[in-house]
Structure formats: structure tokens, C-alpha cells
J.: 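One structure is given below, represented as C-alpha cells, and several questions about it will come after.
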Amino acid sequence: MSEVKRLSGSGLGSVDPTPVGESPAGSNQRLSGDNNKAKDTATTDKGRFSRKKTVIALACVSVVIVVLAVVLPVYFLVIKKKSNRGSSSSGGGSGSTDTGDTLPVPQPDGATTGGDGSTVYVEGGSSFIYHNKFGGYWSYDPARPFANEARAQSWTPALNETWRWGQDTIKGVNLGGWLVTEPFIVPALYQKYSGVTFENGTYQIVDEWKLTEQMRADGSIGDLEKHYATFYNGWNHSGLNTGPLGVNWLNGVMGVANAQRSLDYIRIITEFISQPEYAPVVPYFGIVNEPRIMSGNHVLYPEAVQAFYLEAYKQIRSITGIGEGKGPMISIHDGFLAFTEWNTFLTGADRLSLDTHPYFAFDGPNDAPLETFIPRPCSRWAGAINTTQSTFGVITAGEWSVAVNDCGLFVNGVNQQLRYTGAGGCDPWNNWENWDQATKDGLKRFALSTMDALQNWFFWTWKIGPSATENAVRAPFWSYKLGLENGWLPADPREADGTCIRLGEPPNIFSGTFQPWQTGGAGAGEILPAATATLTWPPTSLNPTYPVAQYLPTYTPTGTRTTLPVPSITANGVSPGDGWYNDQDQAPLMVPIASCSYPDAYGGALLPQPTVPWCGNTEQSEAGDDDGEYKEEEEVEMELEDEDVLVKLPTTQDEERQTVRELFLSSSMGRSDARKNLQLLNFLVQKSTVYATIIGQRIEEQRVARAKQSQRAKKSGNVVNGTANPKKRKGGEDNGILNVDKSEVEAMAANKKARVNEGDVSSGKVTLDTVEHEEGEEYQAQSPLITGATLRDYQLAGVQWLSTLHANGLNGILGDEMGLVGHAGTPLQHC
């Protein structure tokens with residue numbers, strides 16, 4: 001899930017700030033940092049700056065999370081999204097009301113800060129009352145726009161104060177579904193297109209990529225801008241993000257090239273957030289969101305992802321320098337591997353944090369009683385969290401929720417099957433209005449045990465939008481706002497402290513003190529050579545499908561350096577920076593090589609592994625046999641005995657490829673769909689070539705066998721049908737070009753009758769041994785498992801073809817234009 005994380009803000013509700021029982025961290029009594037309400041001290045919709053520059057760049061990466069806590073002046077001066085709306089209202093415990101998109105102005109009384117109950121004036125002459133019952137305060141001084149003096153709560157460091165890892169803990173909430181729309185968070189945007197389906201009835205608009213394509217096509221793209229401006233109203237400390245893995249990142253033919261682009265974007269962002277004007281509000285930088293490694297299900301190879309992490313780490317620290325106060329904490333996602341897989345990863349690295357997203361909701365049916373879930377976070381997670389803090393360093397749960405099952409509108413995706421199998425289905429869980437007090441209490445206890453076990457966390461997510469058909473939230477497990485308003489989530493997360501001990505699940509105790517190198521102290525950056533010896537960049541292999549990563553296309557470092565824009569500052573003598581922190585970092589960006597042809601960056605996962613180095617690859621062959629085009633196979637010739645016939649199997653030669661491309665792109669379909677169809681065609685072409693090559697090889701083997709049989713017959717005086725001494729290929733070389741006698745081709749195409757004793761067939765004596773057919777051909781005999789009918793010779797040939805595919809690890813479907821499919825109901829197929 002894509003994330004916008006808040007590292008600070010005001011508290012929730014009015015509670016006694018006195019710390020309660022001991023947390024699993026043992027000595028941690030200075031509790032954090034993050035409040036759980038999106039409307040508070042300084043909120044933003046992040047409009048122009050975020051959307052037009054940063055998010056566009058990040059969307060290209062598709063895997064970068066920018067945990068960007070934005071201070072008031074950045075929003076006020078960078079994002080000039082204006083609105084005349086304004087209101088004054090009271091709120092629970094955190095700061096603010098819905099003020100639309102208005103910006104603050106110099107306060108009439110000259111105030112530059114204020115606490116609970118203070119009035120904040122904004123553009124248009126309106127104002128609102130700031131609410132914060134936890135001792136936090138807002139800050140806005142037009143003369144000092146980068147003062148960074150706002151404080152979320154009395155026990156939380158102000159933005160311009162140092163975060164003390166191990167003493168200050170993160171209690172946060174994500175602003176999900178805002179800059180990247182997820183269907184279950186903003187279902188109405190997707191329900192609008194419920195009628196746009198494929199022929200089989202499945203939905204076409206299933207993610208933001210397809211959503212934006214459709215909205216542009218029908219002219220409603222402006223609705224997305226309205227969503228950006230209104231989904232989270234008010235002011236807040238928030239961040240930017242991109243979606244989950246959606247391109248061929250370390251996977252597919254473009255896997256390495258896309259990862260190179262990712263590194264460029266990480267570099268550009270690092271340069272911006274390391275500037276002294278912005279560094280205090282961006283202390284934590286998550287570089288990759290949920291790469292799907294997963295033990296036993298390696299969508300991505302662990303070694304490839306770890307090599308990327310190392311390369312990104314080196315790049316970031318080469319910009320920021322080593323040691324506390326030099327750039328942000330770097331966060332890497334665990335890829336859904338066990339924590340123990342990371343405990344010794346890059347030991348000695350300077351301020352490297354592990355991000356994990358623990359959920360019980362997707363474990364299976366999860367139809368057990370609610371009360372059985374309450375102790376699970378303590379028993380399953382708390383001990384492992386503490387061990388990892390002692391060995392690896394800082395670990396945060398970047399996502400979690402109170403979902404005990406996968407119920408909820410679009411939680412698994414648009415109209416995807418649910419795992420939950422409990423009585424009554426999901427309606428009792430989705431219709432939260434009908435929950436009794438026992439259910440709410442149980443969910444709250446589950447939330448408290450999760451908070452205590454994880455220690456540093458961000459809840460996913462603050463808000464769920466209503467269903468378009470019911471005008472009500474139908475994924476209630478995932479909304480902190482809804483849980484806060486209705487009592488199943490706490491106003492003050494410190495209420496969770498000591499829950500695991502009270503449940504009788506005392507975990508391994510973490511002392512609260514990290515090793516110096518883990519937080520930028522002595523030894524930081526001193527990574528042992530053995531820890532990186534096997535991690536090469538670019539990686540030598542991506543996975544079994546792409547074992548030779550050196551053959552994959554890459555980019556070249558010749559691009560113009562790009563920076564993120566900075567705001568215009570009117571205060572005298574105040575510099576907003578230039579977007580680039582380290583002037584020594586002047587390397588060009590990675591761009592495509594002009595002379596090379598690349599596959600679509602977003603569809604290359606369907607293409608096969610190249611068999612020679614691609615143009616632009618660092619491992620390009622010295623012979624120079626790569627011309628920059630991707631060739632699946634060369635054409636195959638078949639020379640017939642009496643006359644030459646050229647059989648051109650599908651190829652991707654330049655002129656044919658260009659013709660097909662033009663036909664697709666000039667069709668009535670959209671260019672995006674055409675491009676995807678072209679990718680599928682290329683894939684089919686490659687597979688067809690493989691099939692034809694194997695079949696051709698089989699034909700060649702049979703031809704050679706018959707030729708030998710003919711030679712033996714001549715020597716014995718018995719001449720059989722067929723020709724002796726097969727004709728040589730052109731040039732006399734074995735270059736893969738097949739030579740087949742015309743009579744042999746005709747013989748193979750003709751229907752023949754198998755010389756099989758009918759009595760043997762009827763008595764079931766025929767085995768899988770081969771039986772001789774007319775013209776000397778041999779097929780597998782009918783399997784005794786097939787009863788009630790005798791397969792004809794051409795049917796046996798088809799079965800043998802399927803068997804050949806199986807033996808070569810291929811898939812295939814055998815159909816018959818004469819009615820086999822119609823009579824049998826479905827074609828014979830091997831998958």
C-alpha cells in the first residue's frame with residue numbers, strides 16, 4: 001500500500017498525559033511523537049508542488065515512498081492552492097477544523113504561534129480555532145518561514161529539535177488514498193466505472209493507472225484534481241508517496257533499467273530534503289514500498305533487492321555524509337520476509353531502518369472469534385521486534401490496522417474474491433453501524449496490543465471514503481478517523497503502554513538504547529566487506545526467468561541533472577535553497593541510449609530473457625553482434641527436396657516489427673492499449689517461434705531417422721518409401737535451418753491409419769510403447785486410461801504433440817477446425 005506518513009502532529013482527545021504501565025521497550029517512558037489525527041497543527045493538500053513535480057517523478061519510480069513531514073512554511077509558500085472556504089468549529093483533541101484550501105496570513109495581533117484555543121486567521125478574512133489538548137502548538141512567522149518551531153505534543157520534540165531514537169517513539173497515521181488512490185480508500189472513484197468491464201464481466205478499472213486513463217478519455221480528469229484538493233482538508237504534517245510496485249522494477253526485461261531510474265529519483269529527492277531549510281521536517285526517508293520478495297514466493301529475488309538497497313544507501317550517504325544530523329534515517333521495506341532475514345543485513349550502516357507491514361487480515365479465512373486476535377500481536381510480533389532493534393537497529397511498522405479479516409469494500413482489489421468464510425459473510429463486519437459495544441471494545445483491545453507490540457508505527461490509514469452506492473464507509477477496519485469517532489481506536493496511543501505484559505505476553509525486553517552506529521554515532525558507516533561481498537550492482541541475476549541480468553537493457557549516465565523546484569520567498573534575506581544540497585554531486589542522470597530500441601518500460605515483464613547482451617548493457621559482447629533491437633528468433637527456412645519453399649516463422653526483424661507497430665498504433669484503440677497489445681503480440685511471436693522450432697527439430701529428427709532406415713534397407717536389399725542421404729543445408733553448415741523433403745511434409749500432413757491390432761486395443765493391451773503407422777512413422781500408442789473409443793492416428797499425433805510440449809516445459813492447446821472443440825466441449829490442452 002502506498003503511504004504518506006506523519007511524523008508529528010497534535011494529540012487526540014483530552015487525556016491525562018501521565019505515562020501508564022511499562023511498554024515492551026522497557027525503559028521507554030518518553031513516548032512519541034506522532035499523533036493520530038490528520039487535521040491539526042499545519043495541514044496541506046500539497047497541490048501544485050507535490051502533484052506537478054515531486055509526484056510525477058515518484059510515479060515513474062513507482063516504488064519510492066517519501067516520508068515527508070512538511071512544515072507550515074513549506075506548504076504556505078510552495079503550494080498556493082486557494083479557497084474562500086473557511087469555518088470555525090470545535091474538535092476533539094487535535095488541532096483544527098476544515099478550512100478548505102485557504103492559507104494563513106500574518107495574524108492581526110502579530111502572533112507567530114499559539115496553543116489550544118488560539119485563533120488562526122487565513123486568506124479571505126476567515127479564521128478557525130486551533131485545538132490541541134496535549135500541549136502542542138502551531139507556528140507561522142512570515143519573516144522566518146523556515147523556523148520549524150511547531151510542536152505536536154508537549155512530550156514530542158519540536159520540528160527544529162533532534163529526534164532521539166529509542167526515547168522518542170513514532171505513533172503515527174498514514175494519509176493513504178490521497179496522492180495515490182487505492183480503490184478501498186476512495187471507492188467512489190472506481191464505482192463510477194463499474195460498468196466498464198471485459199467480455200467476461202470482470203472490471204477493467206482496477207487501479208489508478210487504468211482509472212486515470214479512463215478519466216482522461218471521458219474528460220473527467222478534473223475530478224482527480226478535486227480529490228487531491230479535498231480528500232484531506234485542513235493543515236497537517238504529511239508526506240508524499242507513490243504506489244505499490246507497478247512497473248518492471250528488478251523484474252522483467254526492463255527490470256534493471258527501471259531500477260536505475262529509481263536511483264535517480266531517490267538521489268533528486270535526497271538532494272532536496274537534505275537542504276537545511278527542509279531537513280528538520282524530513283527525518284525519515286522510505287525508499288521502496290513493499291517489494292514483493294516473500295519467503296517461498298520470490299516475485300523478486302532477495303539478493304537483487306538487497307543489492308538495490310545497498311546502492312541506494314551508498315548514493316544517499318554520499319550526498320548527506322555520515323553521522324547523526326547528516327540527512328534522514330533511511331528506511332527499507334522487509335519485502336514480507338521474517339525480521340530474522342534482516343537482522344544482520346548491512347551491519348554497521350549509518351542510520352538504516354527496517355519497515356514492516358504486519359497484518360493478520362490476509363493470513364487466511366480468519367473466521368475465528370474476535371477475542372482470539374487480541375493477544376496475537378504480543379505473542380507473534382513483540383519479541384521479534386525487540387530482537388531486531390537489538391541486532392539490526394530501528395524498526396517501524398509502516399502499516400497496520402485493526403482488520404482481523406479481509407472484509408471491506410475493495411480491500412482485496414476491485415471485485416476480488418475474499419478469504420473470509422465466516423457465518424453471514426462480510427456484511428456484519430462491513431456494516432459498522434450495527435456493531436455492539438462488545439465488538440468495539442474487542443477491536444480497541446486488539447489495537448492496543450498491536451500498538452504496544454510494534455512500538456514504532458503508522459496506522460493505515462486515517463480516512464476511508466464512502467461508498468458511492470451507500471454513502472457510508474464500508475471498510476471500517478481501516479479508518480482511524482471512524483474508529484476514533486466511534487470508540488474502537490484510542491484518542492491517546494499511550495493508553496497502549498504495558499498491554500502485552502497485562503495480557504501475560506512479556507516479550508524480549510529492548511533496553512531503549514540502540515548501538516551507536518545504528519543512530520549515527522561511533523562506527524556508523526563502517527560496513528564489513530563480507531556483508532556486501534555478494535551484492536553487486538547491477539545485479540547479475542533477477543530471478544530464474546531472467547538469470548542473466550547482464551543481458552538486460554540498461555540506461556546510460558548522460559542525462560541532464562534535474563532538481564525539484566523551491567518556493568518563492570518574499571521575506572528579506574531568506575533563501576529557499578536551490579533544490580540541490582551537495583554541489584559536489586554533479587553526475588548526469590540515467591537516460592536511454594539514443595541508438596537503442598527499448599521495450600515499453602511498463603510492460604516488459606511479458607518479454608523473455610534476451611539471449612545476447614542488449615544494446616547499452618555494461619556487459620555487451622565484444623563482437624558487437626547486438627544492434628540495439630530485441631530479436632526473439634531468426635526466420636527458419638525449410639528446403640524441400642524437389643522445390644525450395646521459404647517458410648518464414650514470426651520474427652521481429654526491423655521492417656516487420658515497424659509495420660506491426662504502425663498497424664497497432666494507428667488503430668482506433670488508445671495508444672496505451674495498443675502498446676500493451678503490441679507487447680502481447682511480441683510475446684506470442686516469441687512463443688510461436690519456440691513452438692515451431694521444437695516441432696521443426698522433431699521433424700528433423702524423424703527425417704534423419706527415416707533416412708537411416710532407408711540406408712539400412714538398401715544395404716539389406718529392401719528399399720522402403722523415402723529418400724536416402726538427406727540434402728545438406730545451404731552452405732553445408734548446421735545453422736538451425738531445417739531441410740525437409742516435400743514428400744515427407746505431404747506424408748506428415750496426410751491422414752494415415754495406424755497398424756494397430758483392433759483386438760489389442762479392445763482388450764486394453766496397447767501400452768505407451770510406440771506403434772508403427774503407414775509410411776514408417778511412429779506415434780505413441782493410445783493410453784489404456786482412454787477407454788470407450790479408439791483414437792485415430794492424427795489424434796495420436798496430437799497427443800504426442802502435447803506430450804512434446806510438456807517434455808519441453810511449454811504450454812499449449814490442441815484444437816481442430818473440423819469440430820473437435822465443438823464435439824468435445826473443450827479443446828485438449830496442456831498447461
J.: Would you please indicate if the ring centroids of F184 and W478 are separated by under 6.0 Å?
T.: yes
J.: Between E271 and Y581, is there a donor-acceptor pair closer than 3.5 Å when you use the side chain of the first and the backbone of the second?
T.: yes
J.: Given the side-chain rings of F459 and W400, with only the six-membered ring counted for Trp, is the space between their centroids under 6.0 Å?
T.: yes
J.: Once rounded to the nearest 0.5 Å, what's the spacing between atom CD of Q315 and atom OG1 of T320?
T.: 11.0 Å
J.: Give a yes or no answer on whether the side chain of Q107 reaches the backbone of Y121 with a donor-acceptor pair at less than 3.5 Å.
T.: yes
J.: Please determine if K463 forms a cation-pi arrangement with F231, meaning its NZ or CZ atom is less than 6.0 Å from the six-membered ring centre and no more than 45° off the ring axis.
T.: yes
J.: R151 vs E161, test: salt bridge (charged side-chain N to carboxylate O under 4.0 Å, His left out). Steps then yes/no.
T.: CA-CA 9 Å; R151 183 184 298 272; E161 296 176 349; 2.9 Å; yes
J.: So, are E149 and R144 salt-bridged, with charged N and O less than 4.0 Å apart?
T.: yes
J.: For the pair D585 and R267, find out whether any cationic side-chain nitrogen is under 4.0 Å from an anionic carboxylate oxygen.
T.: yes
J.: Between CG of N582 and OG of S274, what distance do you get to the nearest 0.5 Å?
T.: 8.5 Å
J.: Suppose we call two aromatic rings close when their centres sit under 6.0 Å apart. Are Y232 and Y228 close by that rule?
T.: no
J.: Keeping Q586 on the side-chain end and D583 on the backbone end, is there a donor-acceptor pair under 3.5 Å?
T.: yes
J.: Would you say R216 has more than 12 foreign heavy atoms packed within less than 6.0 Å of its CZ?
T.: no
J.: Is the number of heavy atoms from other residues, nucleotides or ligands within 6.0 Å of CG (D109) greater than 12?
T.: yes
J.: For F134 and W155: C-alpha separation, side-chain torsions, deciding distance, then whether ring pair (Phe, Tyr, Trp, His ring centres under 6.0 Å) applies.
T.: CA-CA 8 Å; F134 295 103; W155 60 85; 5.6 Å; yes
J.: Does the T270 side chain pair with the main chain of I266, one donor and one acceptor, at a distance under 3.5 Å?
T.: yes
J.: Under a 3.5 Å distance rule, please check whether N148 uses its side chain to pair with a backbone N or O of N160 as donor and acceptor.
T.: no
J.: Just checking, any donor-acceptor pair under 3.5 angstrom between side chains of Q518 and Q389?
T.: no
J.: Quick check: closest heavy atoms across P187 and P466, and the distance to 0.1 Å?
T.: CG-O, 3.6 Å
J.: For the OH atom of Y480 and the CD atom of E485, what is their distance to the nearest 0.5 Å?
T.: 12.0 Å
J.: Kindly state whether the ring of W580 and the ring of F272 have centres lying under 6.0 angstrom apart.
T.: no
J.: Do side-chain atoms of Y278 reach the backbone of G577 as a donor and acceptor pair under 3.5 angstrom?
T.: no
J.: Between Y284 and S331, do the side chains contain a donor N or O and an acceptor N or O under 3.5 Å apart?
T.: yes
J.: Just how far is it from atom CG of L189 to atom OG of S220, taken to the nearest 0.5 Å?
T.: 9.0 Å
J.: Can you tell me if N132 uses its side chain to pair, donor with acceptor, with the backbone of A152 under 3.5 Å?
T.: yes
J.: Compare all side-chain heavy atoms of W138 with those of V120 and state whether any distance is below 4.5 angstrom.
T.: yes
J.: Between CZ of R317 and NZ of K326, what distance do you get to the nearest 0.5 Å?
T.: 10.5 Å
J.: When the ring centroid of Y137 is compared with that of Y130, is the distance short of 6.0 Å?
T.: no
J.: Quick check for you: to the nearest 0.5 Å, what is the distance between L454 atom CG and I395 atom CD1?
T.: 8.5 Å
J.: Is the closest basic N to carboxylate O distance between E495 and K444 below 4.0 Å?
T.: yes
J.: Distance alone, cut at 3.5 Å: any donor-acceptor contact between the side chains of W457 and T396?
T.: no
J.: Looking only at non-hydrogen atoms, find the nearest pair between V122 and S127 and report the distance.
T.: CG2-N, 4.3 Å
J.: What pair of heavy atoms forms the shortest contact from E324 to T519, and how long is it?
T.: CB-O, 3.9 Å
J.: With no hydrogens and no angle check, is any side-chain donor or acceptor of D492 less than 3.5 Å from a backbone partner on R494?
T.: yes
J.: Can you tell me if D355 uses its side chain to pair, donor with acceptor, with the backbone of G398 under 3.5 Å?
T.: yes
J.: Can you tell me if Y190 and T181 form a side-chain donor-acceptor pair at under 3.5 Å?
T.: yes
J.: List the atom of T356, the atom of D334, and the distance in Å for their closest heavy-atom pair.
T.: OG1-OD2, 2.7 Å
J.: What are the two closest heavy atoms between K192 and D223, and how far apart are they?
T.: NZ-OD2, 3.5 Å
J.: In a check of side-chain contact (heavy atoms from CB on, under 4.5 Å) between S479 and each of T461, L489, I464, which one passes?
T.: I464
J.: Spell out, as yes or no, whether a donor-acceptor pair under 3.5 Å connects the side chain of H333 to the backbone of I287.
T.: no
J.: Where is the tightest heavy-atom contact between L589 and T560, given as atom of each residue plus distance?
T.: CD1-O, 3.3 Å
